[in-house]
Amino acid sequence: MIDPARVAVVVPAWNEAGKIGAVVRKVPRRYASCVIVVDDASSDGTADEARAAGAERVLRHPANRGVGAGIRTGLFEAKRAGFEFAAVLSGDDQHEPDELPRVLEPLFEGSADLVQGSRWLPGGAAPGIPPGRRWLTRAYPWLFRLASGYPSTDGTNGFRAFRLALLDDPRLRLDQSWLDRYELEPYLLFQAVRCGYRVREAPVTVRYHARGTSKMRLLTDGWRILRPLVYLRLGLRR
């Protein structure tokens, strides 16, 4: 059902040497014909490792801008290259690329425009998740539901896929500079719901390795994932 010629995988990465190569190699090319790695000004050879692992396109920011900027650069590159769908995976080897059909099949079936991965749906998993992160990822969906009305179970999961035609909608303004870091992902999900696109969730795995993978800081970055809900709900941003 999945035509890999129509799918690109976007992987934002910052100082992920030792991990990014594994991510690239794990992407089954029967599901996606192109892996786009966006190196956000890493200082550790991330870009070289991604190329050596077989990434079809490796882009590099001259200065560190944030994960949102990395995702945006990759998505716009996928659209320019003529792909119809894009899936987003983290560069720190938390996601399982073998689970790509879970987020891609609803797009190919025509039953969804955006599929959000959820570690909390039956069939999903979060092995090794720290207690603090468990609390945050459980609480955030309630706030997302309150702000958007959508029955979210996992609004902070970076594993998702969608139709790139959404980028043509002037109501989804991903080019705004305030979305450069963790804000872009909840912004995209919120606006897709608000604009009436068909949004679904699919169970996926988010693996927390013993040595840690996330660069997220609880307070600063916690506000960054929360503020799109506040700004959009109150009409302070578009």
Side-chain angles (χ1 to χ4, degrees), residues 10 12 66-68 71 75 86-90 92 94-96 99-107 111-163 166 171-172 174 178-179 181-209 212-238:
V10 172
V67 63
I71 293 171
L75 293 178
V88 181
L89 296 172
S90 66
D92 55 14
Q94 280 192 303
H95 297 140
E96 299 293 339
E99 295 178 347
L100 278 167
R102 300 185 182 185
V103 296
L104 289 173
E105 285 178 354
L107 302 178
S111 63
D113 301 302
L114 186 153
V115 182
Q116 169 70 37
S118 174
R119 73 203 92 185
W120 303 123
L121 283 177
I129 186 170
R133 186 57 58 82
R134 179 183 292 273
W135 175 84
L136 175 64
T137 57
R138 284 293 200 178
Y140 187 84
W142 290 100
L143 298 174
F144 193 93
R145 292 184 195 190
L146 182 64
S148 70
Y150 179 76
S152 170
T153 66
D154 194 355
T156 62
N157 194 334
F159 193 169
R160 59 173 57 85
F162 62 96
R163 297 180 183 277
L166 269 66
R171 297 171 295 178
L172 275 68
L174 298 191
W178 71 279
L179 302 175
R181 297 195 178 274
Y182 287 99
E183 298 89 348
L184 184 138
E185 294 169 281
Y187 171 90
L188 174 60
L189 181 60
F190 190 104
Q191 286 293 75
V193 169
R194 171 182 277 183
C195 295
Y197 288 104
R198 298 166 300 171
V199 176
R200 289 181 53 180
E201 291 187 326
V204 299
T205 302
V206 180
R207 191 174 303 279
Y208 294 81
H209 303 285
T213 57
S214 178
K215 297 180 174 68
M216 181 179 287
R217 295 167 292 181
L218 184 59
L219 293 179
T220 304
D221 295 327
W223 165 240
R224 285 176 171 146
I225 65 171
L226 181 61
R227 70 173 180 159
L229 309 187
V230 176
Y231 288 176
L232 295 172
R233 178 65 178 176
L234 298 179
L236 302 176
R237 302 271 184 158
R238 293 186 295 164

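Positions are given from 1, in the same order as the sequence printed here.
- Heavy atoms only, all atoms of each residue included: G68 and L184 are closest at O-CD1, 3.4 Å.
- Here the CG-CZ distance, from L146 to R233, works out to 7.0 Å after rounding to the nearest 0.5 Å.
- Between F144 and Y150, the angle of the ring planes goes over 60°, which puts this pair in the perpendicular group of the 30/60° scheme.
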task = Walk me through it: do Y197 and L114 pass the test side-chain contact (heavy atoms from CB on, under 4.5 Å)?
result = CA-CA 7 Å; Y197 288 104; L114 186 153; 5.9 Å; no
Exercise. Taking it one step at a time, do H95 and N157 satisfy side-chain contact (heavy atoms from CB on, under 4.5 Å)?
Worked result: CA-CA 10 Å; H95 297 140; N157 194 334; 3.3 Å; yes
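- Taking CD from E185 and CG from L174, the interatomic distance works out to 11.0 Å, rounded to the nearest 0.5 Å.
- Between the R160 side chain and the V88 main chain, no donor and acceptor come within less than 3.5 Å of each other.
- Distance check, rounded to the nearest 0.5 Å: CG of D113 to CZ of F162 gives 11.0 Å.
- Rounded to the nearest 0.5 angstrom, R181 CZ and D221 CG are separated by 8.0 Å.
- Side-chain contact, T205 with E96: no donor N or O sits under 3.5 Å from an acceptor N or O.
- Within the 3.5 Å criterion, the main-chain N or O of I225 finds a donor-acceptor partner in the side chain of Y140.
- At least one side-chain heavy atom of P203 sits less than 4.5 Å from a side-chain heavy atom of R102.
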Worksheet entry | CA sep, side-chain torsions, deciding dist, call: R119, T156, side-chain contact (heavy atoms from CB on, under 4.5 Å) | CA-CA 10 Å; R119 73 203 92 185; T156 62; 3.4 Å; yes
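- Across every non-hydrogen atom of L229 and F190, the tightest pair is CD2-CD1, 3.7 Å.
- Proximity of R134 to W120: side-chain heavy atoms (C-beta onward) are separated by under 4.5 Å at one or more points.
- Closest approach of V193 to S148, counting heavy atoms only: CG1-O, 4.2 Å.
- Of all heavy-atom pairs between V10 and I71, the closest is CG1-O, 4.1 Å.
- Nearest heavy-atom pair across P228 and P186 is CG-CG, 3.9 Å.
- Using a 4.5 Å heavy-atom cutoff, the side chains of L121 and D154 are not in contact.
- Because its NZ or CZ atom is both nearer than 6.0 Å to the ring centre of W142 and within 45° of the ring axis, R145 counts as a cation-pi partner of that residue.
- A side-chain N or O of S111 and one of R200 form a donor-acceptor pair less than 3.5 Å apart.
- Between L172 and L188 there is a side-chain heavy-atom pair separated by less than 4.5 Å.
- T153 approaches S118 most closely through the heavy-atom pair OG1-OG, 2.7 Å.
- Between W178 and Y187, the two ring planes are perpendicular [angle over 60°; tilted spans 30° to 60°].
- Between L100 and F159 there is a side-chain heavy-atom pair separated by less than 4.5 Å.
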_Evaluation steps, side-chain contact (heavy atoms from CB on, under 4.5 Å), between V206 and I129_ = CA-CA 8 Å; V206 180; I129 186 170; over 6 Å; no
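- At least one donor-acceptor pair closer than 3.5 Å links the side chain of Q191 to the backbone N or O of R171.
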